[in-house]
Number of protein chains: 2
Amino acid sequence: MKFTQATDYAFRIIFYLSQQKPGEIVEARQISERESIPIRFLLKTIRSLSQAGIVKSYRGLKGGYSLAQDPKEITLKDIVEAVEGPVRINKCLLNDKDCNKDATSWCPIHKALRNVQKVTNSELEKYNFCDLININQHRDKEE
Amino acid sequence: MKFTQATDYAFRIIFYLSQQKPGEIVEARQISERESIPIRFLLKTIRSLSQAGIVKSYRGLKGGYSLAQDPKEITLKDIVEAVEGPVRINKCLLNDKDCNKDATSWCPIHKALRNVQKVTNSELEKYNFCDLININQHRDKEE
DNA sequence: TATAAGTATACTAAATAGGTATAGAATATG
DNA sequence: CATATTCTATACCTATTTAGTATACTTATA
């Protein structure tokens, strides 16, 4: 019940890109170095973000990545889903076959778990990267 | 970001025991058969529940398991924690070493994740097995 | 057209999950 | 008190997933 390393890296990648000037293209190597992420693993991970439409990629010389959306529009949930796929708290919610319908004895539990999942997802949606970098800016000033 | 098979089995085990007469001792094989859980895996899993003080175990002839607490007092969170250990949504929350304190750039994210974790945990605490079996009873009548 | 970027796919190693086996300890019953 | 029965402890094995790497390819700029 925790996020993968790739998701954690993805959080950092988007956080880093959110701090750049809008439209600024940053190459993979720079993100990799600044955030201490193995370059090849970053390239693989960021492709999920690109395919999900969260970052734009540019090939060739002067290529790199930039956000495809305003940081305000990108939430933690978007990142998690882009990297790990939809959050499904247990198998039963994933497909009907894994939930033994004859065993009515345990289905109420899965109903409860569906609620847990719903609550978790909506909490993840509450945090966007505009707010997150502002909190950070604020904190930096204070210290 | 999902529960393990062992946790899912544990849900079913406690659900099954909650439906017995208070104090009734049920042997592992019976639970195993009724809930379609491999017996040896069940024995391993239920030991975590026993060690966490959720079930009582009785050895020898006529031995088996019964709940150590009132179903009302046992929540989904208790089960998850007994089987998987404390829920920690990412490494950073697990120990300070994994959170690079110099990289202030990504710590606000971890603050947010701590809130997500808090919300998830408190949702898991809302469901106790007394309520869960009653929902089930109710549903059975309706159908 | 050379070079510096990302893309796609496949591969490998380590960790975790899921399940099994074996030997041992406790206890009800004859 | 002997024995069968039930749980306990530990160790083991296999499959899957995670984390990371390598190679060949595509795109675009200068």
Side-chain angles (χ1 to χ4, degrees), chain A residues 1-13 17 24-33 35-68 80 82-85 87-91 94 98, chain B residues 1-13 17 24-33 35-68 80 82-85 87-91 94 98:
Chain A
M1 180 69 176
K2 65 172 186 223
F3 297 123
T4 63
Q5 184 65 59
T7 301
D8 201 65
Y9 287 157
F11 287 149
R12 299 196 226 171
I13 292 167
L17 290 176
E24 174 109 343
I25 294 171
V26 180
E27 63 185 80
R29 191 149 45 85
Q30 183 181 335
I31 309 173
S32 155
E33 282 166 6
E35 299 292 336
S36 312
I37 303 171
I39 177 68
R40 293 199 183 274
F41 196 53
L42 179 143
L43 286 164
K44 183 161 77 171
T45 303
I46 206 171
R47 210 144 9 93
S48 308
L49 297 169
S50 170
Q51 283 162 351
I54 295 168
V55 311
K56 267 188 288 199
S57 70
Y58 303 88
R59 311 223 272 193
L61 202 64
K62 300 269 178 185
Y65 301 89
S66 71
L67 290 186
V80 175
V83 177
E84 304 191 11
V87 174
R88 291 291 139 82
I89 234 166
N90 73 350
K91 293 182 315 178
L94 210 53
D98 281 330
Chain B
M1 180 71 175
K2 64 171 185 223
F3 296 123
T4 63
Q5 184 65 61
T7 301
D8 201 65
Y9 287 157
F11 287 148
R12 299 197 227 171
I13 291 167
L17 289 176
E24 175 110 342
I25 295 170
V26 180
E27 65 185 79
R29 192 150 44 86
Q30 183 181 335
I31 309 174
S32 155
E33 282 166 5
E35 299 292 337
S36 312
I37 304 171
I39 178 69
R40 291 199 184 273
F41 196 54
L42 180 145
L43 285 165
K44 183 161 76 170
T45 303
I46 206 169
R47 208 146 9 92
S48 308
L49 297 169
S50 169
Q51 283 164 351
I54 296 169
V55 310
K56 268 188 288 200
S57 71
Y58 304 87
R59 310 222 271 195
L61 204 65
K62 299 268 177 186
Y65 302 90
S66 71
L67 290 186
V80 175
V83 177
E84 303 191 11
V87 174
R88 291 292 137 82
I89 233 164
N90 72 349
K91 292 184 315 181
L94 210 52
D98 281 329

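Heavy atoms only: backbone and side chains are in, while hydrogens, waters and symmetry mates are out. Chain letters run A, B, ... following the sequence lines, proteins first and then strands; every chain starts at 1.
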>> Suppose we screen for side-chain contact (heavy atoms from CB on, under 4.5 Å). Which residues come up paired with B:Arg47, at least two apart in sequence or across chains?
In response: B:Lys44, B:Gln51
> Rounding to a whole Å, what distance do you find between A:Gln30:CD and C:dA4:P?
Replying inline: 17 Å
> Under the side-chain contact (heavy atoms from CB on, under 4.5 Å) test, which residues partner A:Gln30, sequence neighbours left out?
Replying inline: A:Tyr16, A:Val26, A:Glu27, A:Arg34
> Between B:Ser50 and A:Arg59, which has a closest nucleotide on DNA chain D that is more 5'?
Replying inline: B:Ser50
> Can you tell if the side chain of B:Val80 reaches within under 4.5 Å of the side chain of B:Phe3, non-hydrogen atoms only?
Replying inline: yes
> What are the 5'-most and 3'-most nucleotides of DNA chain D lying under 4.0 Å from any heavy atom of chain B?
Replying inline: D:dT5 to D:dT10
> Rounded to the Å, how far apart are A:Arg40 CZ and C:dT12 P?
Replying inline: 16 Å
> Can you name the closest pair of heavy atoms from A:Arg12 and A:Ser36 and give their distance?
Replying inline: NH1-O, 4.2 Å
> Taking only residues two or more places apart in sequence, or in another chain, which ones meet A:Thr7 in a side-chain hydrogen bond (donor to acceptor under 3.5 Å, both in side chains)?
Replying inline: A:Thr4, A:Glu84
> What integer distance in Å separates A:Arg29:CZ from C:dA4:C1'?
Replying inline: 9 Å
> For the pair made of CG in B:Leu43 and C1' in C:dG24, what is the distance, rounded to whole Å?
Replying inline: 14 Å
> Does B:Tyr58 have any ring pair (Phe, Tyr, Trp, His ring centres under 6.0 Å) partners at least two apart in sequence or in another chain, and if so, which?
Replying inline: none
>> Distance check needed: C:dG19 C1' versus B:Arg47 CZ, whole Å only.
In response: 13 Å
> In chain order, what residues pass the side-chain contact (heavy atoms from CB on, under 4.5 Å) check against A:Ala82, with sequence neighbours excluded?
Replying inline: A:Leu49, A:Ala52, A:Ile54
> To the nearest angstrom, how far is A:Glu27 atom CD from C:dT3 atom P?
Replying inline: 17 Å
> Atom CD1 of A:Ile25 and atom OG of A:Ser57: how far apart are they, to the nearest 0.5 Å?
Replying inline: 9.5 Å
>> Categorize B:Gln51 for me: base, sugar-phosphate, or nothing, with a 4.0 angstrom heavy-atom threshold over every strand shown.
In response: sugar-phosphate
>> Under the rule for ring pair (Phe, Tyr, Trp, His ring centres under 6.0 Å), what residues qualify as partners of B:Tyr65, not counting sequence neighbours?
In response: none
> Just by distance, do the side chain of B:Ser32 and the backbone of B:Ala28 share a donor-acceptor pair under 3.5 Å?
Replying inline: no
>> Could you report the tightest heavy-atom contact between B:Ala6 and B:Val83, atom names first, then the distance?
In response: CB-CG1, 3.8 Å
> For DNA chain C, which residues in residues 61-68 of chain B have a heavy atom at a distance below 4.0 Å?
Replying inline: B:Leu61, B:Lys62
List, with names and distances, any nitrogen or oxygen atoms from the protein found under 3.5 Å away from nitrogen or oxygen atoms belonging to nucleotides 14-18 of chain C.
| unit_1 | atom_1 | unit_2 | atom_2 | d |
| --- | --- | --- | --- | --- |
| C:dG18 | OP1 | B:Gln5 | N | 3.2 |
| C:dG18 | OP2 | B:Gln5 | N | 3.0 |

